[in-house]
Structures are given as structure tokens and as C-alpha cells.
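I have placed the structure first, in the form of C-alpha cells, so that the comments after it can refer back to it.
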There are 2 protein chains.
Amino acid sequence: MNRPAPDLLKPRKTPLQARSTVTVEAIHTATIQVLLADGVGRLTTTRVAERAGVSVGTMYQYYPHKQALLFAIVERQLDLIVTAMLAAVEQLKGRDLRSVAEGLATAWLDAKMADVVSSRAIYGIAAEFDLAELMDRAKVALVEAISSLLKAVPDARLADTNSAAFMLTALLGGSVRVVMEAVTEEEDFERLRRELPRACFGYLRLVSNEPAERARNADQ
Amino acid sequence: MNRPAPDLLKPRKTPLQARSTVTVEAIHTATIQVLLADGVGRLTTTRVAERAGVSVGTMYQYYPHKQALLFAIVERQLDLIVTAMLAAVEQLKGRDLRSVAEGLATAWLDAKMADVVSSRAIYGIAAEFDLAELMDRAKVALVEAISSLLKAVPDARLADTNSAAFMLTALLGGSVRVVMEAVTEEEDFERLRRELPRACFGYLRLVSNEPAERARNADQ
DNA sequence: TCCAAAACTGAAGGATCATTCATATCTTAG
DNA sequence: CTAAGATATGAATGATCCTTCAGTTTTGGA
């Protein structure tokens, strides 16, 4: 997709006085609100500023671009998720397969559901410009952590922990995203919360029971 | 997000002569190309027209909006997927659990991978305006079909085929989407192709082995 | 109290874009 | 061959938006 100069994407200056800290925070939440209310297509610097109760110029004191603003917001949210997941991984070290599978799933669900509003809003930005790099970095870190977590599970030996970790993140990230983006009645959330841990466990159990080599020429 | 008038979203007129059919097709593919090359944010009527080798005015003879154009494209792509999946469901009626699980997964993968280019491009539109309704209709149809397919599996009895079907579509749609949207080296595609069918089977097997009632107060 | 730095303001410049319409070209039935 | 309908053109219009900057207000320390 787009290839924004990856350098000029950083905030312009850091708030020093208490006043400006408040301002930056206001801009941040206003952005998310506008994003939700009007969609990415209607996300306007003026609109955001208005909603934040500041002037457009103010925003440009902290962010050189509209893009930089969006970038910063996504980055923050991404950090939250990754941090939460790494903590969960730490918690789950040494526990059995079911605990690990279900623990990862609920950790992910909790992290995303904690701020459904922000999460949902942020999905909308992803397509707008190149976040692939950012997301990729997060993904790599996660896969690595989960992979080594899987190696240490006492009651199962996985042939390819890397693939398993990769698939796990895809399952977690994908299903939660898809469900959150849909109109979704509350019922769907409940189903997701109930079924996702089971899906993770089901997958891991299957993978860990298999012999190391491929011994299955499916019945097509 | 946005709420576009759902009525004024239809194509303006249908091509009659051969010439215009070619034109419409050119516009269609041009849109996807621009979408991929420049992202949604840079998707301009002029740019699309230019790429299609026609004039802007021409495009407005067939679509009343830019939105209508995007809408039409998504709709077509969605139809392809749903049709492919319904065909797969038909094929899989009466087969055992593993065949069903793996069959659904590969059907989904095939449908999406058949035109990676279009699929990837289309993910970008979703956020731009309200496709929720459209997607929801597709989802409901799919869940229903899969649910009844699961009921007929001979070697397993699922307590809640609806939840299972729902979760299955979330897993399929989500993981494939997430992987396709990432920068993704070819290796990741292979992993997905290998692991996704297993994930589906693992989930279904787990769900079908469980007693009907909840009998598991997790070990948290 | 006073001032230099920090924050904030918002009108205006400059650019991009969606959409229209008067005009030109092509197609085909008769 | 010809006229009527179908299709295509693209400059012009009006709207929206990002970004800047000259000037104003606020803050916190001396």
C-alpha cells in the first residue's frame, strides 16, 4: 500500500507543562471518538481539534502530520496489547497445555475487550497507510515469546513451535478482529469468549499429539 | 462508522453494447490496481479512470458515486467467496469430521488465494464505509450452511452447531485476513495453508468430544 | 511583579478531489 | 447510408481539507 517516510512520522515535541499534557491527551481521545463516529474517511484535523476543544494549530505543535497522529495512536494501542500478552506468557510458563492455550486466548480477549472502543476504532486506521512494519514488529515479538512458551509446556512436545505460535497469533488476532468489526450483537461476543479458548486448546492438542513427521495423506 | 444511504448505492445503468462492457470491466480492475498501489486514501476517481484508460465522466455513467463503485466491487468479491463456500459445504455433506474441517479450511483458502490481489485490496475498503450489512448477510448465510453441515457429520455429535459454525467462520475469515494483510513472506502463506486445516479440525474434534453440558471449571 | 519560554489561536494559502454537463464520437437497426 | 441512441470526453465548479504562521495568551521561575 502506501509508503510514508518512516522517519518523519514521530511526534514533533513533547509536552512540558501540565497544560499541554492535558491537551495532547484530549487530542488523543478526540481522535478515537471521531474515528468511531465518522470513520477514517471523515477524520479531519479540524474535526479532531474541534472535538478536543483546541485549535487546529495546537495539534500541529505536537504532530507534524495527520499521519503522525494516527501513527502515534496505533503505536500506543499496539504496545498495550503486546505488553499484556508478554505478561501473560510470563504467567503461563511451565503450566500444562490446556492452561497455556486458554490463558493466551483469554489474555488476548481481555486486552482487546478492555477498550473495545479504541480497538474497534484502530482497526479502521490500519488500511489507511502503511502500518505493516509496525504490526510486523509486534507480531515477531509475540510469536517468538509464544514459541518459547510452547517449548516449555510439560505435558506436550510440539514438533514445530514456531508454526504453532504463528498460527496461534493468526487465530487470536484474526477471529477477534473479525468479530469486533462486525455489527455484532452482544451474543457474538459471548460466543467468542467461550469458543476461542477452546479453539486454541483444540489446535494445540492436535498439533502436539501428532508424530513429528507428516504421516497423513488426507482423505481429500 | 459511516452510514451511507443504502439505496443510492446501486450501479447507474447496465452496459448494453460490447464496448461499454469492456469499459466497465476495465474500471473494475483499474480500481483494484489503484487500491493496491496507492491504498484507499489515494483512490481517486481520476486516478482510477486514468488507469482504466477512460475519462472520469465515463465512470459516472455507470456508477453514481465513488462509493457505488467500491460497493459493487466488494459485493462481487463477497459473492465469489460465499458461492465457493456453499459449494464446498454441498460437497462435504455426510463426510467425517476431519474431512469436513479440512475441506472447509482449504475451500476458504482456495477462494481467497485464488485472487490474492483482489482480496487484499478489498480488505482496505471495508473500513472506509459501512459494509457491515453486506458482510453480515454473507456471514449469516455461511454460518447457517455450515451449521447444518455439522449436524450431519456421522462420526461426531456437536452440542451447539451454531456456535461451532460461528467460531469456524471467525477463525477462517480472521486468520486468513490477518496473514494476507501483513507484509508476509511466502513462507507464512505455506504455514497458513498447512496449519489452518489442522486448527479447524482440532477445534471441531475438541468440541465434539465434550459432553453436552459444561463440565469443566477451568484451572485458571 | 515581570519576562522569556511555552502554548494556543484561527484565518488564509494552496492543493486535491468528487461530480457535472455541454459536446463529440461511435454503434447499429432499418 | 443515416439517424437515433449509446458511449465517451474533460474542462470547469464547488467543496473539503491539510498545513502554516503571525500574533495572542498563559505559565512558572527569578
Side-chain angles (χ1 to χ4, degrees), chain A residues 2 4-5 7-28 30-31 34-35 37-73 124-125 128-129, chain B residues 2 4-5 8-31 34-35 37-73 124-125 128-129:
Chain A
N2 293 346
D7 305 320
L8 311 168
L9 227 49
K10 287 288 146 194
R12 182 168 269 172
K13 84 181 182 192
T14 337
L16 297 181
Q17 306 179 352
R19 178 167 55 137
S20 56
T21 306
V22 173
T23 299
V24 169
E25 199 51 39
I27 292 175
H28 184 113
T31 306
V34 172
L35 216 40
D38 304 336
V40 211
R42 295 247 156 99
L43 185 98
T44 289
T45 49
T46 322
R47 232 185 289 269
V48 169
E50 204 174 9
R51 190 133 193 169
V54 302
S55 154
V56 221
T58 299
M59 160 182 305
Y60 278 89
Q61 216 139 28
Y62 303 100
Y63 302 97
H65 294 134
K66 200 176 85 167
Q67 281 205 342
L69 170 66
L70 298 181
F71 193 86
I73 288 183
I125 310 181
E128 194 68 359
F129 66 117
Chain B
N2 293 344
L8 311 169
L9 226 48
K10 286 288 148 195
R12 182 168 269 170
K13 83 182 182 190
T14 338
L16 297 180
Q17 306 179 350
R19 181 167 54 137
S20 56
T21 306
V22 172
T23 298
V24 169
E25 199 52 38
I27 292 176
H28 184 111
T29 73
T31 306
V34 172
L35 216 40
D38 305 336
V40 211
R42 294 247 155 99
L43 187 98
T44 289
T45 50
T46 322
R47 231 186 288 270
V48 168
E50 203 173 10
R51 189 133 193 168
V54 301
S55 155
V56 221
T58 300
M59 159 183 304
Y60 278 89
Q61 214 137 31
Y62 302 101
Y63 302 98
H65 295 133
K66 199 174 87 166
Q67 280 204 345
L69 171 65
L70 299 180
F71 194 84
I73 288 182
I125 310 182
E128 194 69 359
F129 66 119

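Chain A is the first sequence line, chain B the second, and so forth, proteins listed ahead of strands; every chain is numbered from 1. Reckoned from all heavy atoms, side chains included, excluding hydrogens, waters and symmetry mates.
- Atom OG1 of B:Thr29 and atom CD1 of B:Ile73 lie 8.5 Å apart (nearest 0.5 Å).
- Residues A:Val54 and A:Ile27 come closest through the heavy atom pair CG2-CG1, 4.3 Å.
- One distance of note links OG1 of A:Thr45 with CD of A:Glu50; it measures 11.0 Å at 0.5 Å rounding.
- Scanning both residues, B:Ala72 and B:Tyr63, for their nearest heavy atoms gives CB-CE2, 3.8 Å.
- Note on B:Thr45: a base of the nucleic acid sits closer than 4.0 angstrom, heavy atoms only.
- Here chain A contacts DNA chain D (any atom closer than 4.0 Å to a heavy atom, that is under 4.0 Å), and the contacts span D:dC17 to D:dT27 from 5' to 3'.
- Taking every heavy atom of both residues into account, A:Val48 and A:Met59 meet most closely at CG1-CE, 3.4 Å.
- Residue contacts shown for A:Tyr63 are absent, as no nucleic acid heavy atom lies under 4.0 Å away.
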Please list, pair by pair, any protein nitrogen or oxygen found under 3.5 Å from a nitrogen or oxygen in nucleotides 25-30 of chain C.
none

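- For B:Ala26 against B:Ala52, the heavy-atom pair with the smallest separation is O-CB, 3.7 Å.
- What you find for A:Arg42 and A:Arg47 is that their closest heavy atoms are O-NE, 2.8 Å.
- For the segment residues 48-61 of chain B, residues with any heavy atom less than 4.0 angstrom from an atom of DNA chain C are, sorted by number, B:Val56, B:Tyr60.
- Toward the 5' end of DNA chain C, the nearer of the two residues A:Ser20 and B:Thr44, judged by each one's closest nucleotide, is A:Ser20.
- Phosphate proximity of C:dT16 to B:Arg42: absent, as no side-chain N or O sits under 4.0 Å from OP1 or OP2.
- To the nearest 0.5 Å, the span separating CD1 on A:Ile125 from OG1 on A:Thr31 amounts to 8.0 Å.
- We find the OG1-CZ distance between A:Thr44 and A:Arg51 to be 12.5 Å, quoted to the nearest 0.5 Å.
- With B:Ser55 contributing its side chain and B:Gly57 its backbone, the two residues share a donor-acceptor pair below 3.5 Å.
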